[in-house]
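Below is one structure, written out as structure tokens, with a few remarks after it.
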Amino acid sequence: TWASFASLMREYNVPEWYIESCRKIKYMFPKAHATAYVTSAFRIAWFKVHHPIWYYCAVLSIRKDQFDVETMIRGEDAIRERIDEIDAKGNSASNKEIDVRETLCICLEMCARGFYFKNIDVEKSNAKYFAITEDGKGLIIPFRALDGLGDNVAEAIVKARNDGPFISQEDLKIRGKVNTSALEKLKALGCIKDLPESNQLTLF
């Protein structure tokens with residue numbers, strides 16, 4: 001019982017303030033657990049300072065799932081404007097917009113540090129994770145960042161691409177299992193402008 005615990009502590013001259021704290025506090029965070037959190041925080045901070053592109057790549061790939069691709073690829077000013085637009089809505093902003101805003105704040109910080117986002121690339125984008133560009137200064141946006149294109153389709157696109165390059169938008173739609181809506185969004189973003197619409201060759 002609590003009385004026996006309190007009595008035992010008094011027997012060993014434990015201060016009354018500590019005994020009273022134990023009575024009020026049902027759970028105390030273990031020192032080892034706290035140390036693990038602090039160690040993790042230092043590790044994350046080290047990467048953010050010394051290898052920032054790796055940091056942003058990991059955070060956006062693992063921690064975030066709502067994106068605004070069109071805004072991200074337009075850079076710092078566009079991202080700032082979009083954040084201001086969402087803020088202006090106040091309480092009328094949707095939950096999705098609030099989530100997108102949180103993501104864009106990270107994107108804004110990244111761009112303000114001199115990095116950039118590269119549009120979804122049919123030949124280079126990963127299914128789920130951001131990829132670092134060859135110059136080490138940017139991130140290639142993954143397929144799953146496109147609104148309406150789920151993880152299964154993103155993986156299907158990459159799997160089909162590994163079997164052979166896409167020769168047309170029709171080929172991408174069929175082998176990559178991309179629906180019409182997602183295909184139109186890819187078109188609007190300019191992601192597939194180099195692919196002809198059909199597999200058919202025009203001779204005349």
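Start at 1 with the first residue, then count along the sequence.
- Closest non-hydrogen pair, Ala127 versus Pro142, comes out as O-CB, 3.8 Å.
- Here Val49 sits alone; no ILVMFWY side chain lies under 4.5 Å from its own, so it joins no hydrophobic cluster.
- Residues forming a side-chain contact (heavy atoms from CB on, under 4.5 Å) with Phe5 (at least two apart in sequence, or on another chain): Trp2.
- For Lys89, the side-chain hydrogen bond (donor to acceptor under 3.5 Å, both in side chains) partners at least two apart in sequence or on another chain are Glu97.
- Within the 3.5 Å criterion, the main-chain N or O of Gly190 finds no donor-acceptor partner in the side chain of Asn119.
- Scanning for side-chain contact (heavy atoms from CB on, under 4.5 Å) contacts around Ile132 gives Ile53, Trp54, Cys57, Leu139, with sequence neighbours left out.
- No side-chain N or O of Gln66 forms a donor-acceptor pair with one of Thr103 less than 3.5 Å apart.
- Under a cut-off of 6.0 angstrom, the local environment of CD in Glu20 is crowded, with over 12 non-hydrogen atoms contributed by other residues, nucleotides or ligands.
- Salt-bridge check for Glu184 with Lys187: passed, with a basic side-chain N closer than 4.0 Å to an acidic carboxylate O.
- Counting all heavy atoms, side chain and backbone alike, Leu149 lies closest to Ala182 at CD1-CB, 4.2 Å.
- In this structure, Leu8 shares a hydrophobic cluster with Tyr12, the cluster being traced through Ile, Leu, Val, Met, Phe, Trp and Tyr side chains under 4.5 angstrom apart.
- Considering only heavy atoms from C-beta on, Leu195 stays 4.5 Å or farther from Glu170 through its side chain.
- Checked by atom type and distance alone, the side chain of Ser125 pairs as donor or acceptor with a backbone atom of Ile141 at under 3.5 Å.
- Using a 4.5 Å cut-off on side-chain heavy atoms (C-beta onward), Lys173 and Thr180 make contact.
- Legend: salt bridge (charged side-chain N to carboxylate O under 4.0 Å, His left out) pairs involving residues 159-169, not counting sequence neighbours: none detected.
- No path of Ile, Leu, Val, Met, Phe, Trp and Tyr side chains, each step under 4.5 Å between heavy atoms, connects Ile140 with Tyr116, placing them in separate hydrophobic clusters.
- Shown here for Val14 and Ile19, the closest heavy-atom pair between the two residues is O-CD1, 3.6 Å.
- Judged purely by atom type and a 3.5 angstrom limit, Arg144 has no side-chain atom pairing as donor or acceptor with the backbone of Val153.
- Salt bridge status for Glu155 with Lys128: present, with a side-chain N to carboxylate O gap under 4.0 Å.
- Sorted by first and then second residue, the side-chain hydrogen bond (donor to acceptor under 3.5 Å, both in side chains) pairs involving residues 27-39 (not counting sequence neighbours) form an empty list.
- Of the N and O atoms on the side chains of Lys124 and Thr133, not one donor lies less than 3.5 Å from an acceptor on the other residue.
- In this structure Glu81 satisfies the salt bridge (Lys or Arg N to Asp or Glu O under 4.0 Å) test with no other residue, sequence neighbours excluded.
- With a 6.0 Å radius and a threshold of 12 heavy atoms from other residues, nucleotides or ligands, Phe42 has its CZ atom at or below the threshold.
- Separating the CG atom in Asp68 from the CZ atom in Arg82 is a distance of 5.5 Å, to the nearest 0.5 Å.
- Residues in residues 44-53 take part in these salt bridge (charged side-chain N to carboxylate O under 4.0 Å, His left out) pairs, two or more places apart or across chains: Lys48-Glu109.
- The side-chain heavy atoms of Ser198 and Ser168, taken from C-beta on, include no pair separated by under 4.5 Å.
- Under a hydrophobic-cluster definition in which Ile, Leu, Val, Met, Phe, Trp and Tyr are linked whenever side-chain heavy atoms come within less than 4.5 Å, directly or via other members, Leu146 and Val100 are assigned to the same cluster.
- When the side-chain contact (heavy atoms from CB on, under 4.5 Å) test is applied to Ala112, the partners found at least two apart in sequence or on another chain are Glu76.
- Residue Asn162 places its CG atom among more than 12 non-hydrogen atoms of other residues, nucleotides or ligands, all under 6.0 Å distant.
- A continuous path of hydrophobic side-chain contacts links Trp46 to Met110 [ILVMFWY only; heavy atoms under 4.5 Å].
- At a cut-off of 3.5 Å, with distance as the only test, a side-chain donor of Arg113 or Tyr56 sits close to an acceptor on the other residue.
- Take Ser40 and apply the side-chain contact (heavy atoms from CB on, under 4.5 Å) test, not counting sequence neighbours, and it matches Arg43, Ile44.
- At most 12 heavy atoms of other shown residues, nucleotides or ligands fall within 6.0 angstrom of atom NZ in Lys177.
- Residue pairs meeting the ring pair (Phe, Tyr, Trp, His ring centres under 6.0 Å) criterion with at least one partner in residues 150-187, sequence neighbours excluded, do not occur; the list is empty.
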* Can you list the steps and then say if Phe130 with Phe67 is a ring-ring contact (aromatic ring centres under 6.0 Å, His included)? -> CA-CA 12 Å; Phe130 285 75; Phe67 304 92; 5.5 Å; yes
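- Salt bridge status for Asp147 with Lys96: present, with a side-chain N to carboxylate O gap under 4.0 Å.
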